[in-house]
Amino acid sequence: MRVAIIGAGFGGLCMAVKLARKGIPHVVFEKGGGVGGTWRVNTYPGAGCDIPSHLYSYSFEPYCDWSRRYPGQQEILAYLEMIAAKHDVRPRFGTEVTELAHDGTGWLVVTPKAAERFDVVVTAVGQLDRPSMPDIPGMDTFQGDAFHSARWGARDLQGKRVAVIGTGSSAAQLVPPVAETAGQVDVYQRTPNWVLPKADGEFGPLTRAMFRWVPGAHRAYREWIFAYLENTVFPAFVDGWSTDVIRKMALVHLHREIRDPELRRKLTPGYPPGCKRIVLDSRFYPALTRPNVELITDPITRIVPEGVETSSGLRRTDAIVYATGFHSTEFLLPMTVTGTHGRDLHEQWRDGAEAYLGLAAPGFPNLFFLYGPNTNLGHNSIVHMLEAQVSYVMGCLDLIAERGQMEVTEGALSTYTTALNRALAATVWNRGCRSWYMTPTGKITNNWPRNARDYRRFTRRPRPGAYNFGTGR
Ligand SMILES: Cc1cc2nc3c(=O)[nH]c(=O)nc-3n(C[C@H](O)[C@H](O)[C@H](O)COP(=O)(O)OP(=O)(O)OC[C@H]3O[C@@H](n4cnc5c(N)ncnc54)[C@H](O)[C@@H]3O)c2cc1C
């Protein structure tokens, strides 16, 4: 059996390591020039995780030397590079998969250079890989440097006048360090976010030694973070006991850091906490009070060669940073995916992506999605979800070896989707906000509506009754 893995981020690497351990031949296709995915491309100043890294890392590769609770991009990337080197994962870099086509018994994986046949395909292309740019009149007329936050490269904005468009997690992380050296930073906000302080801190040599040498210490710490996030943050998404606690904590943080009542008013969200992803950052509010930073809430009318125009006039700028997120709901695009009988996956998903456990779709046998539809979390580690998915796929490979190629049934997907939608209806994600979790028509395609423990339970092993088995492997 040969398996194609598409993507070499947390998901693709995990899949490759598990396949290698079982001696199953596989190829990892990666369009970029290295491993790491999210953590290779998001090099903007201040980029880091908002889930403590002792949990935001593989359970089978515990790392005791994280320098701090919430490390930066470089340290997470170094961890992933270390994993790839240790397990000898060698992706085909610079190789974008443009098409997947089922030929009745297997998959043709098409790249600009070749087409190759595999029995099984596992996509690990992420939900936040393709930058989304806004559609503002005149964007192409701007004469300075304009770029997306995920395309920062090695820029230096020292002394420059900078416009940051957007106030989500990336903007909140990059505004404070940029403001330290830039001449002026204009932050353009459409909708305020709920912001909680980040309880970050360094791990000293003694703590690191304890994680390394005291039996069970590292594992206990991981489990404690996991349980804490499940039991305190998750309930807020389903209007549970912590909604008010989080709201109060965020308002206390806002009042403590922002003295100006007008600025405070502009920064106070009008929807429940958790509806959009909660920003976890202690430095964002203080940065907004710096003399060289201004929060602008007047809608942008157009971009002109010299800068950004709002209803209150032109603000000149040397650089525009679009911290405007990703094409999160357009799963697998721009790859074309053709299943049995010429079925087009994107046509099937035209009203919003749906997959059984986020992993499989009818009409597409032996094709599995990692971090697929409705498997994102607002409160816990995506690595936990990816590991659950990888172990599920490994179970599927055993079934395929025994019974032939497997395709989830329409009935299994429909029963699953009904339950999923019922659970989604009880969440705060459609209570008066627009977020990257939903399609333009308001369907929530990204988030898992239950806690992370439940997802692990549901994906413990594949249920053969949910699948049809056929010829081929
Ligand atoms: C700035 C930022 C901060 C984040 N912080 C957190 C956090 O704190 N906690 C958390 O749980 N999650 C966080 N996330 C979500 C994060 O994306 C996931 O946690 C995780 O990194 C996803 O891994 P992945 O392998 O599924 O996808 P990615 O890391 O996105 O990797 C996908 C890979 O697939 C490759 N690829 C895509 N299409 C193709 C193709 N057609 N052919 C070949 N290769 C392809 C890409 O080049 C990329 O390398 C964050 C995301 C961002 C953007």
Side-chain angles (χ1 to χ4, degrees), residues 4-16 27-53 55-58 69-73 76-77 79-80 83-84 91-100 109-112 121-132 148-152 168-174 198 225-226 229 277-281 323-328 330-337 358 369-372 375-387 389-390 436 446 448 452:
I5 302 169
I6 308 172
F10 260 113
L13 286 180
C14 181
M15 192 73 234
V27 173
V28 183
F29 294 89
E30 169 54 59
K31 69 178 176 181
V35 301
T38 292
W39 301 104
R40 200 181 65 82
V41 292
N42 284 276
T43 57
Y44 59 80
C49 57
D50 54 16
I51 296 292
S53 257
L55 181 64
Y56 189 59
S57 44
Y58 298 124
R69 198 170 294 140
Y70 298 96
Q73 168 263 334
I76 303 171
L77 177 61
Y79 169 79
L80 287 170
I83 300 291
R92 287 191 197 155
F93 292 123
T95 312
E96 176 163 9
V97 175
T98 51
E99 188 184 342
L100 296 176
V109 174
V110 183
T111 69
V121 176
V122 181
T123 65
V125 297
Q127 291 192 3
L128 305 175
D129 177 54
R130 292 170 53 233
S132 164
H148 190 274
S149 56
R151 295 289 179 269
W152 197 280
S169 296
S170 295
Q173 289 185 344
L174 70 87
K198 194 179 207 175
I225 307 167
F226 183 81
L229 297 173
R277 190 173 176 97
I278 295 171
V279 171
L280 194 67
D281 203 294
T324 42
F326 301 86
H327 288 285
S328 51
E330 296 176 3
F331 290 83
L332 303 194
L333 277 172
M335 199 167 20
T336 60
V337 185
F369 318 116
L370 303 184
Y371 201 11
T375 63
N376 179 58
L377 301 175
H379 74 290
N380 212 323
S381 170
I382 298 306
V383 181
H384 169 89
M385 302 297 271
L386 289 167
E387 280 194 46
Q389 289 155 8
V390 167
W436 62 263
N446 292 70
W448 170 247

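Both counts, for ligands and for their atoms, begin at 1 and track the order of listing.
- Interatomic distance, SG of Cys49 versus CG of Leu55, reported as 10.0 Å (0.5 Å rounding).
- The closest heavy-atom contact to atom 47 (O) of ligand 1, among the options Glu30, Gln173, Gln127, Met385, comes from Glu30.
- Atoms of ligand 1 found under 4.0 Å from any heavy atom of Gly11, numbered from 1 in the order shown, are 24 (P), 25 (O).
- Looking at Leu13, Leu128, Leu280, Asp129, it is Asp129 that brings a heavy atom closest to atom 37 (C) of ligand 1.
- Taking each heavy atom of Val35 and Pro91 in turn, the nearest pair found is CG1-CG, 3.9 Å.
- From the protein, the heavy atom lying nearest to atom 34 (O) of ligand 1 is Gly7 CA, 3.2 Å.
- For ligand 1, the polar-atom distance check finds an N/O of Tyr56 within less than 3.5 Å of one of the ligand's N/O atoms.
- Smallest separation of non-hydrogen atoms from Val122 and Leu370: CG1-CG, 3.6 Å.
- At least one heavy atom of Asp50 sits less than 4.0 Å from an atom of ligand 1.
- Across every non-hydrogen atom of Val390 and Gly11, the tightest pair is CG2-O, 4.3 Å.
- Taking a cut-off of under 4.0 Å to the non-hydrogen atoms of Tyr44, the atoms of ligand 1 that pass are 1 (C).
- Summarising the geometry of Arg151 relative to Val41, their closest heavy-atom pair is NH1-CB, 4.2 Å, with the distance given to 0.1 Å.
- Per-residue contacts place Phe10 under 4.0 angstrom from the following atoms of ligand 1 (heavy atoms of the residue considered): 21 (O), 23 (O), 25 (O).
- Polar contact with ligand 1: present for Thr38 (N/O pair, distance under 3.5 Å).
- Scanning all protein heavy atoms for the shortest distance to atom 26 (O) of ligand 1 gives Tyr371 CD2, 3.4 Å.
- A pairwise comparison of heavy atoms in Asp129 and Pro131 identifies O-CD, 3.3 Å as the closest pair.
- You'll find the ring centres of His148 and Phe326 inside the 6.0 Å limit.
- Heavy-atom contacts of Phe326 reach the following atoms of ligand 1: 53 (C) (cutoff under 4.0 Å).
- The line from OG of Ser170 to CG of Leu128 is 9.0 Å long, rounded to the nearest 0.5 Å.
- Evaluated by nearest non-hydrogen atom to atom 32 (C) of ligand 1, the leading choice among Ala124, Ser53, Gly32 is Ala124.
- The Cys49 neighbourhood of ligand 1 comprises atoms 8 (O), with distances under 4.0 Å to a heavy atom of that residue.
- Contact check for Met335 versus Ile6: side-chain heavy atoms found under the 4.5 Å cut-off.
- Within ligand 1, counting atoms from 1 as listed, the ones closer than 4.0 Å to a heavy atom of Phe29 are 43 (C), 44 (N).
- Shortest contact from atom 36 (N) of ligand 1 to any protein heavy atom: Lys31 CE, 3.9 Å.
- Atom 3 (C) of ligand 1 has its closest protein heavy atom at Trp39 CH2, 3.7 Å.
- Taking the six-membered ring for Trp, Phe10 and Tyr58 have ring centres closer than 6.0 Å.
- With respect to atom 11 (O) of ligand 1, the closest heavy atom belonging to the protein is Ile382 N, 2.9 Å.
- Atoms of ligand 1 lying under 4.0 Å from at least one heavy atom of Ser381, given by number and element, are 11 (O).
- Distance CG/Leu229 to CD1/Ile225: 7.5 Å, rounded to 0.5 Å.
- Using cut-offs of 30° and 60° on the angle between ring planes, the pair Trp39 and Tyr56 is perpendicular.
- For Val97, a nitrogen or oxygen atom sits less than 3.5 Å from a nitrogen or oxygen atom of ligand 1, counting backbone and side chain alike.
- Protein heavy atom in closest approach to atom 39 (C) of ligand 1: Val125 CG1, 3.8 Å.
- Nearest heavy atom pair, residue Lys198 against residue Asp50, reads CE-CA, 4.3 Å.
- Evaluated by nearest non-hydrogen atom to atom 27 (O) of ligand 1, the leading choice among Ala8, Gly126, Ala47 is Gly126.
- Using a 4.0 angstrom heavy-atom cutoff, Thr95 counts as in contact with ligand 1.
- For atom 31 (O) of ligand 1, the closest non-hydrogen atom on the protein side is Gly37 CA, 3.5 Å.
- Across Trp448, Trp436, Tyr371, a single residue satisfies side-chain hydrogen bond (donor to acceptor under 3.5 Å, both in side chains) together with Asn376, and that is Tyr371.
- Counting atoms of ligand 1 from 1 in the listed order, those under 4.0 Å from a heavy atom of Ile51 are 8 (O), 9 (N).
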